[in-house]
Each structure stands twice: as structure tokens, then as C-alpha cells.
Number of protein chains: 2
Amino acid sequence: MRKRNPQPTLSEVARLAGVGVGTASRVVNGGVNVSAGTMRKVKSAIQELGYMPNHAARVLKGGRTKTVGLLVPSIADHFFASCAEAADKVARAHDSLLIVAVTRNQCGDEMSSLEVLMRHRPDGLLLVPSDPENRELARFVRNSGIPVVTFDRPLFGSGCSSVLSDNFEAARKATLHLIEHGYKRILCLVSEPELYTIRERVRGYRQAMEEAGLQPLVDTGAEDMALASRSLAIHLKSRRPPDAVFTLKNSSTSAVVQILRQLRIPIPSRLALLGFDDFELAATLHPSISVVQQPIEDLGRTAAELLFAELEGHPSKRMKREPIVLANRLVLRRSCGCKEVPARKDL
Amino acid sequence: MRKRNPQPTLSEVARLAGVGVGTASRVVNGGVNVSAGTMRKVKSAIQELGYMPNHAARVLKGGRTKTVGLLVPSIADHFFASCAEAADKVARAHDSLLIVAVTRNQCGDEMSSLEVLMRHRPDGLLLVPSDPENRELARFVRNSGIPVVTFDRPLFGSGCSSVLSDNFEAARKATLHLIEHGYKRILCLVSEPELYTIRERVRGYRQAMEEAGLQPLVDTGAEDMALASRSLAIHLKSRRPPDAVFTLKNSSTSAVVQILRQLRIPIPSRLALLGFDDFELAATLHPSISVVQQPIEDLGRTAAELLFAELEGHPSKRMKREPIVLANRLVLRRSCGCKEVPARKDL
DNA sequence: ACAGATTTTGGAAACGTTTCCAAATTGGCG
DNA sequence: CGCCAATTTGGAAACGTTTCCAAAATCTGT
């Protein structure tokens, strides 16, 4: 059986329904100014033929593509995957498709991925810029002619809206919390220090230490397990070893847990630990790990909603360009020396 | 400055170069039968105008869309996210875009998501069928007229290729391993028993138990933490409590770890544990958790490669329709009573 | 029942490519 | 130089929509 697939076209639908092609088109697009009878005829013709609009033709004609693009560093990463899922849900609610492309935080890939995305002429764009200072990207956004919203990281000079989380303030509060516990030599363990979010967190850490009159202690040599392990060992053997560690990333946190277990260093009695970004087993580990919990889904959802608002409602009435900043939560567990406390809402 | 974005068209290029539009087109597409001089003129015109072909117009004319669709139950789930990333990499290597839609293992969503995908006329399709017996989906695939590859789960009666992992055999081997340790009352803790992969795993478990002349003990009441907790408590209090647990899903495994920790039941001395599907902290937990490790990226990558092979190379020379079955690895850690075997790469 | 206002309808034009085919140009060779 | 073959070129048609505009049909109020 050779059921080739010469997709039925709108004129075939029109012919079968006994109406003009323009009329058929109107029925397909919501049917304004179409009489009930005609509507019915056309709809049943569509049903019978299994007609589906040809997307390419629509795009060519210049209409909406019902497509929004999402550009993220990675899609296997839980953080971005959750954002993507949340954004996808919003897109689907607006009868649109979210198309995703991944950069790997490399600006080169960024532009080329963007190009592949743009081929599909998305109605709008959701971005996580690798580098907030990327002028090429900012220029691209300005000239793109479509609404763009960035999230997790801003894009300076692009004039587009952003949805961020307060990395600075959350890191500051977290550090202050450690300080309140009496820890004085707090090591800040960093990987990927070039990323905006990480830089903000480091800034928050430094600010807190400075406020307390303590000496900041930042180590950027935590790119992977091996390096982190080496760094940690050196610090622990130094003349004035740290009494607490503040890790700025999910994977660093679990790496440190693993390393400390190997070294048989008890948490928090010998070394306290607080991590940025929650992870599934943080509550299950022994001891449970205190973390800053990010509003992950909120970021994706809010960004998408903002995009569709600009897209549908108010193309001219541009809302204020101030970034929307979402709060993080400090979830206190055992690893910072706290008694297991119910998660606090106050940042 | 209203820098609208009237993308330059091919005729503008042609005009600037002083040639016909057909000639310009030939230059853009590899330039066969074009004299060297003309070539040069057109290319510099392209350069000057920053011309980029309009993808929609090309597609409309009947070419490839350079797009493949991926339909998965979820994209926030680490398993599918990794598959997606691997498939995306392959797609990008073929200068194509992977477009993703999510079902939530619900057949209704499945067809509607598929419809949204099909709007974009993908050149091929990558599917994770919610239900291998879904006749509607199978019919759709047969009539779609484009190559389709399923992975993780088959789709019976669809005639398309599949890439699977050997859930049955892996579960059997895993159960056998527990049996070799001397465990006799092995509880198989199940959630989402309607899923194909889960059913296969249960089947493998039963087979192993039967081979050993032991009584299978399957509990499907593990849908969430609360239920799992209740189930587990009941079994532990029964007259002949289990001495080992085999969990069939990632989240069940960590749920059980958490529950046993709360109940202060030592692993593996009082209750051994072996899980299906590895997770990041499985090696870090105390004790470390033995698991079946799935070839996650392989699944996505292989499926995508298969799809592009059908797409590009051999549209008629259909390869054998036998599913490709990838092997799982049994990663032995402490929770099943094993000594920590070289904590790294033991098959 | 009729003029005018309103709603509904049909069909042509346009979107930017590619793909033809015929026309124009070039080259070879007697 | 002249003629045929081979190469190169220009431009029309087609892809399937949407969006016009004018024509047709229907509705209003008197």
C-alpha cells in the first residue's frame, strides 16, 4: 500500500466544501465573518481530508509562526530543563511551540545556534545569554524585530526585559547566616567564575564578609572533582584552615560532600557546608545539606509569560524595562550547624 | 532609528549583481553551471547585502525542512533530557534543528503534541510512545510518510525502527545478583506499573525469582513517597519481612533511602537495596547504592543516528526492522551487600 | 418594497525560493 | 567564416497561505 502523503491543501478543502479559498482560510483562522452554515461545511471538509495548515506557507506570507525560540546553555542540566519545561507549558497554553537550541556557554555556539533558531522565524525569543556583555548578541536582539526576554542572566544594552533571581542578595544572606553561626574562615569554592550568576554570588559573599569585617577567601580552582579535591586538601592543611565552605554550584556541593566523606572530615563539626542551588538528595544525605533554593520553574514560567504578554497584548505599551527579580529561599538543614528547621520563607 | 528588518531577498541580490534571479539562486546552491566571473559578482553582492536564504520559502518549494521532531514524556526528567541533548547534538551535526514536544505519558496529550510538531513538517520523528499498543499512534506513524524511530519503548504495528535497552535482562540479572547474595525475600517496589519499561523490569524480576524457585513479591503501591513509605512499613511489619528491595525507578530508589533512614533501618544488614537507573549521588550516599545503569545518551544518540541514516542514505533500502537493543550495566556498590568494588569502572 | 448599511463571499496578488525551458553566449572545427 | 554542440543565462511558473478589495447576499427601517 502506497499511501503517499500529498498533504491536502486549503484549495482542496475549499473545493470540497464548495466555497472560495479565502472563505476557507477565514474558517481555519478562527472564523470571523463567516456564516454558521459555511463554517460547518468547511469544518467537515477539513475533517474529512485531514487538512493541516502548511506552516511554511504561513511563515512565508509573513504571519505569526506560533513558535518561540529558547536558547539555553544546556538542556540536560536540571536547572535549564525545568525552566524549559515551565516555558513550554506556557507556550503550549498559547498554542505555540517552544523550539530549543543549546549553546554550551560559548559565544560562538551561541550565534550559530541562534541562527538555526532564527531560520524558523520565531515570534519571540527566550534567552539565557552566555555573557551579559556580549555586544554582538545585544545588537542582534535590538535588530531582530521580535520581542526578546532573557532570564537567569541579563543582557546589557539589548533593551529587552529580563527575569532574574537575586543571586547577590541570596549569597549575601547565606554567608551572613554562616557568620551568625560563628564561622569566621568561610571558604567560597567557585567553578566557572566567568558566569554572571556565579560572579553575582561571589559578590554577595564578599559583601557579607566585608560587612562582618572578615577576610574573604575565594578559591576558583573547583572546576571538577579532582581540582576541588586538591584545593580543599590544601586549604585544610594550611596554617589557618577554613571552618566552613560555601559552594556556588550544585555539582560543587555534591563534590565537596563526596570529598569530605573520603577524607573522613565530619560535617558540620569540623567543616560546615552551605551550597547554592538545591538538589534532590540534599535532604537525604547525612547530614542533610543546607542550600539556597532557586525559583527555577518560576524563572522559566515568568519569562515565557512576559514574552507572550509583549507578543499578544501590548506591543507598543512597553512595560518598564526594569528586570523582574525573583527571590531565592534559604533552606536550612544540618550541614551549616542548624537544627533541622522547617524551611524559612524569608529569603 | 527604525531599522526595520526587511531581509534582503534573492532578487535584490540578483539586481545588485546585475544577473537574473535564477543565476543568483544557482550561485547560492553550490554554483553548478555558473561562470567564474558571475560567481564572483553574485557572491560579493550577497556579502554586501548580508543576504540569508528565507527558510520558509525553501521549505514551501518542497525541500527538506531540516527539522526533526522529538516527542518525549517529559523534558525535566534527567533521563529524557539527556536523550534529548544527545539527539540534539546529532541533529545539529546534520545541520538540522531538533524540535521537542512533551506528552505526560498521556495518550491524549500525545496526539495533540504530535499535531503541533507536525505543523512544522519535520523531515523525521523521534518518539517515546506512551503506550506500545497505541493503535492510533501506530496508524499515524504508518501514514505520516516520514521516517520514524522510537526509543526506550517500541511501538507495535508501526513498522518503524526502535532503539531499546534490555530492561528485562537487566532486571533479571540484578535480581539474580541479589539472590546470589543469599537474599530470599526480595521485594520489588513498583510505581507506574502501566509503563512498558516498568513492565519489562517486573517481568525480568519475576523470571529471576522463578528461576531460583523463590516467591515473587511485587508491590505496586509506590507511586509517591507517602505511599512507598506506607507500603514499606507494612511489609517490614509482616510475619515474613523482606530482606532486600529492588526498586524500579530512580525516584523510588531515593525515596526508599530516605524512608529507611527515617526508620533507622540499616542498609544492607537489615534490608538490602538495589535500584534501576543510576543517579548522581548514588555513589556518595552512605552506604553507596547499587544500581542498574542505563545507556542513556546512547539511546538518544543511536536513535537520532538511525533516523538520519534512513533520512539521508537509504530511503528504500530499509534496514532490518529488528529493534536495536542496548545493554545496561550493573553497577555494584555497597547497598546490596557487595564490598565496594573498585569504586570506579566496574562493569 | 426599496434604498442604504452591513455582513458574507470569491478570487487575485503577494510572500521568496527553486526549477524548469528557451534563449543567448561561447567554443570547436572543418 | 559559418555551423553545430555545449555551456551559461534570464525569467516565468509553482509551492500554499493570507490579505486585500470588490461583488453578492442579507439585513435594517421606513
Side-chain angles (χ1 to χ4, degrees), chain A residues 4-43 45-46 49-67 95 115 118-123 145-146, chain B residues 4-43 45-46 49-67 95 118-123 145:
Chain A
R4 256 285 157 266
N5 218 24
Q7 291 279 9
T9 104
L10 195 54
S11 15
E12 297 178 44
V13 170
R15 180 145 22 98
L16 177 59
V19 303
V21 46
T23 307
S25 172
R26 254 156 295 170
V27 171
V28 171
N29 305 17
V32 282
N33 279 351
V34 183
S35 72
T38 311
M39 191 91 169
R40 202 167 28 68
K41 278 191 297 180
V42 175
K43 278 199 166 160
I46 288 177
L49 265 50
Y51 166 80
M52 283 177 51
N54 181 314
H55 190 240
R58 279 183 162 174
V59 173
L60 179 57
K61 198 57 182 58
R64 289 266 119 97
T65 58
K66 298 274 192 185
T67 299
D95 192 35
E115 195 170 302
M118 289 304 289
R119 272 190 205 161
H120 292 249
R121 298 286 199 276
D123 299 331
I146 58 176
Chain B
R4 259 282 159 268
N5 218 25
Q7 291 278 11
T9 107
L10 194 55
S11 16
E12 298 178 44
V13 170
R15 181 148 20 98
L16 177 59
V19 303
V21 45
T23 307
S25 173
R26 254 158 295 173
V27 172
V28 171
N29 305 18
V32 281
N33 279 351
V34 184
S35 71
T38 312
M39 190 92 168
R40 203 169 27 71
K41 279 190 297 182
V42 175
K43 278 199 167 161
I46 288 177
L49 266 50
Y51 167 80
M52 282 177 53
N54 182 314
H55 188 238
R58 282 182 158 172
V59 171
L60 179 57
K61 200 56 186 54
R64 292 264 115 99
T65 57
K66 299 273 190 185
T67 299
D95 192 35
M118 290 304 288
R119 273 191 205 159
H120 292 246
R121 309 282 153 124
D123 300 331

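Order of the sequence lines sets the chain letters (A, B, ...), proteins ahead of strands, with each chain counted from 1.
For the pair Met39(B) CE and dT9(D) C1', the computed distance is 15 Å after rounding to whole Å. Distance CG (Asn33(A)) to C1' (dT8(C)): 7 Å, rounded to an integer number of Å. Between the P atom of dT17(C) and the CZ atom of Arg119(A) lies a distance of 14 Å, rounded to the nearest Å.
Within the helix from dA1(C)-dT30(D) to dG30(C)-dC1(D), the inter-axis angle between the opening and closing five-pair segments is 30°, rounded to 10°.
Within the 4.5 Å cutoff, no side-chain heavy atoms of Arg121(A) are placed close to those of Thr67(A).
Partners of Thr23(A) by side chain to side chain contact (heavy atoms under 4.5 Å, CB included), not counting sequence neighbours, listed by chain and number: Val19(A), Arg26(A), Thr38(A). Evaluation of the side chain to side chain contact (heavy atoms under 4.5 Å, CB included) rule for Ile46(B) yields Val13(B), Val28(B), Val42(B), Tyr51(B) as partners, not counting sequence neighbours. Remark: Lys43(A) engages Val27(A), Met39(A) in a side chain to side chain contact (heavy atoms under 4.5 Å, CB included) (not counting sequence neighbours). Arg64(A) pairs by the salt bridge (charged side-chain N to carboxylate O under 4.0 Å, His left out) definition with Asp123(A), not counting sequence neighbours. With sequence neighbours left out, Lys66(B) forms a side chain to side chain contact (heavy atoms under 4.5 Å, CB included) with Arg119(A), His55(B), Asp95(B), Ser96(B).
Contact between the side-chain N/O atoms of Ser35(B) and the OP1/OP2 oxygens of dT8(D) is not found at any separation under 4.0 Å. Phosphate contact (OP1/OP2 of dT18(D), side-chain N/O of Asn29(A), threshold under 4.0 Å): present. Phosphate contact (OP1/OP2 of dT18(D), side-chain N/O of Ser25(A), threshold under 4.0 Å): present.
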>> Across nucleotides 10-16 of chain C, 5' to 3', mark each nucleotide with B, S or - according to how protein heavy atoms within less than 4.0 Å reach it.
In response: BB--BBB
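Counting any heavy atom pair closer than 4.0 Å across all strands shown, Val34(B) reaches sugar-phosphate atoms only and no base atom.
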> Does the pair Lys61(B) and Leu60(A) meet the rule for a side chain to side chain contact (heavy atoms under 4.5 Å, CB included), with working shown?
Replying inline: CA-CA 11 Å; Lys61(B) 200 56 186 54; Leu60(A) 179 57; over 6 Å; no
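In terms of heavy-atom proximity, Pro8(B) sits nearest to Leu49(B) at CG-O, 3.4 Å.
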